[in-house]
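The block underneath contains the structure these notes are about, expressed in structure tokens.
Note that ligands are numbered from 1 as they come in the structure, with each ligand's atoms numbered from 1 the same way.
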Amino acid sequence: MTAKPNQTSIVVGIETSCDETAVAFVRGRELLSDVVASSVDEHARFGGVVPEVASRAHVEALAATLASAREQAGLEWSDVDAIAVTAGPGLVGALLVGVSAAQGLALALQRPLYGVNHLAAHVAVDRLVHGELPQPAVALLVSGGHTSLLRVDDVTADVTPLGQTLDDAAGEAFDKVARLLGLPFPGGPAIDVQARDGDRASIDFPRGLTHPGDADQHRHDFSFSGVKTAVSRWIRAREQAGEPVVVADVAASFQEAVVDVLSAKAIRACRDEGIEHLIVGGGVAANSRLRALVEQRADAHGIEVRIPPPRLCTDNGAMVASLGAALVERGRPTSNLGLPADSSLPVTEITLR
Ligand code: KG4
Ligand code: ZN
């Protein structure tokens, strides 16, 4: 089944790749409703997302989330023109809950189905806020599972990886360091809050892959395992010496080390590619210091930055609906009703057939 290219198509977006059960409706680039049910509290005591717990939570929450998003949008199911769902990357059991629901909807409503890439969706969500994406653009994608720099010539068809993390994702580093500091999961928001009262220049934590020697081979790549280890060693040394660990200072200094590298490399990628537009997306894009530093550095180089509001940076259904609507608008091929889920879907595959 194909969808007629249309700028005002009503698309429902379903996201279940990790711990958020999320559904949103869009009409073209207009967000009509956006409902997120998170199972984060159920994972907090484990200090990370437990896949089995996440899958069960999606099964329990999805029907009610679909119903409330539809109601808030003031639509009937028959109004829907197309269905978009995250098909990967993510936790396979979690993805399958959303994909199965989307298949059921597509079958019942006889509407086209788009299995979309979660990473591309983190970029595409900005269409709903700041209008059609500039092309080409560089995207800095920073989430709990991924950290990469992308060249985006067309978010529906042409995304080229420029670099990525060689070890931990930025969000993962925030979560692990928060744990070392005794802060709750997820660690990113907790560190962001603590850091506001801390001195970011108090501890000089390492900036991964920023030595002159890295400028060739790993120019656009990242590494965050070194800073995480440095924080762990620093805390242990303090404790062994019987000296206090000022959580706010450690949080601020760690956060500065991470966002310094992210922002510097994003700007450098724009300059290398001769591109004047930078889009920042993913959960870590909600970080207040990253947002400020990227804006400041981009400004200094005449680069236009787009960062969606924090609520649309962390996982949500609007991002999936937005990418779905862009695919409909460009007349891109739909997915098969037997669409699988792919837990390691590469960012270059924007839809899964
Ligand atoms: O994109 P996302 O919601 O889920 C994935 O696709 O992974 O990103 C979640 C990650 C978590 O690691 C969380 O700690 C981080 O985003 N995060 C933040 C902030 N808010 C969420 N990291 C730093 N500062 C924040 N304010
Ligand atoms: Zn995400």
Side-chain angles (χ1 to χ4, degrees), residues 13-22 24 34 36-40 43-44 47-49 51 54 58 85-91 94-95 98 116-126 139-148 150 164-165 168-181 183-196 198 200 224 227-228 251-252 254-263 279-294 307-320 322-323 343-345 347:
I14 302 173
E15 156 62 39
T16 64
S17 70
C18 193
D19 56 339
E20 268 85 32
T21 310
D34 178 24
V36 180
S38 178
S39 63
V40 69
H43 307 286
V49 175
H58 288 311
V85 61
T86 300
L91 305 169
L95 289 165
V116 309
N117 188 306
H118 180 83
L119 308 175
H122 267 305
V123 177
V125 72
D126 194 68
L140 170 65
L141 185 79
V142 274
S143 72
H146 296 85
T147 297
S148 42
L150 310 168
Q164 60 182 346
T165 182
D168 290 350
E172 201 178 345
F174 270 94
D175 295 338
K176 288 177 177 170
V177 166
R179 202 171 179 180
L180 293 172
L181 291 172
L183 298 172
F185 176 82
I191 288 189
D192 197 345
V193 169
Q194 283 289 329
R196 283 175 203 161
R200 56 179 177 251
F224 298 110
V227 63
K228 176 194 66 191
F254 157 75
Q255 176 176 276
E256 194 65 11
V258 173
V259 307
D260 180 20
V261 178
L262 290 173
S263 54
I279 304 166
V280 189
V284 181
N287 184 268
S288 60
R289 180 63 185 151
L290 176 63
R291 299 170 78 91
L293 198 56
V294 167
I307 317 180
R311 169 181 81 76
L312 294 180
C313 290
T314 47
D315 289 351
N316 61 79
M319 59 196 251
V320 180
S322 177
L323 180 52
S343 60
S344 54
L345 187 67
V347 69

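Atoms of ligand 1 found under 4.0 Å from any heavy atom of His118 (numbered from 1 in listed order, with element): 6 (O). The His122 neighbourhood of ligand 1 comprises atoms 1 (O), 6 (O), with distances under 4.0 Å to a heavy atom of that residue. Counting atoms of ligand 1 from 1 in the listed order, those under 4.0 Å from a heavy atom of Gly144 are 5 (C), 7 (O), 8 (O), 9 (C), 10 (C), 12 (O).
Here the shortest heavy-atom distance to atom 26 (N) of ligand 1, taken over Asn316, Asp192, Val40, belongs to Asp192.
Residue Asp175 has at least one N or O atom closer than 3.5 Å to an N or O atom of ligand 1. Between Glu20 and ligand 1, not a single N/O pair is under 3.5 Å apart. Not a single N or O atom of Pro186, backbone or side chain, sits closer than 3.5 Å to an N or O atom of ligand 1. An N or O contact shorter than 3.5 Å is missing between Gly282 and ligand 1 by distance. The distance criterion of under 3.5 Å between nitrogen or oxygen atoms is met by Gly283 with respect to ligand 1.
Contact analysis puts Pro189 in contact with ligand 1, with a non-hydrogen atom separation below 4.0 angstrom. A heavy-atom separation below 4.0 Å is not found between Gln255 and ligand 1.
Restricting Asp315 to its N, O or S atoms, the one at the least distance from the Zn ion (ligand 2) is OD1.
His146 lies apart from the Zn ion (ligand 2) in this respect, since none of its N, O or S atoms is found at a distance under 2.8 Å. One of the N, O or S atoms belonging to His122 lies under 2.8 Å away from the Zn ion (ligand 2).
Counting heavy atoms under 4.0 Å from ligand 1, residue His146 does not touch it at all.
Using a 4.0 Å cut-off between charged nitrogen and carboxylate oxygen, Arg196 and Asp192 count as a salt-bridge pair.
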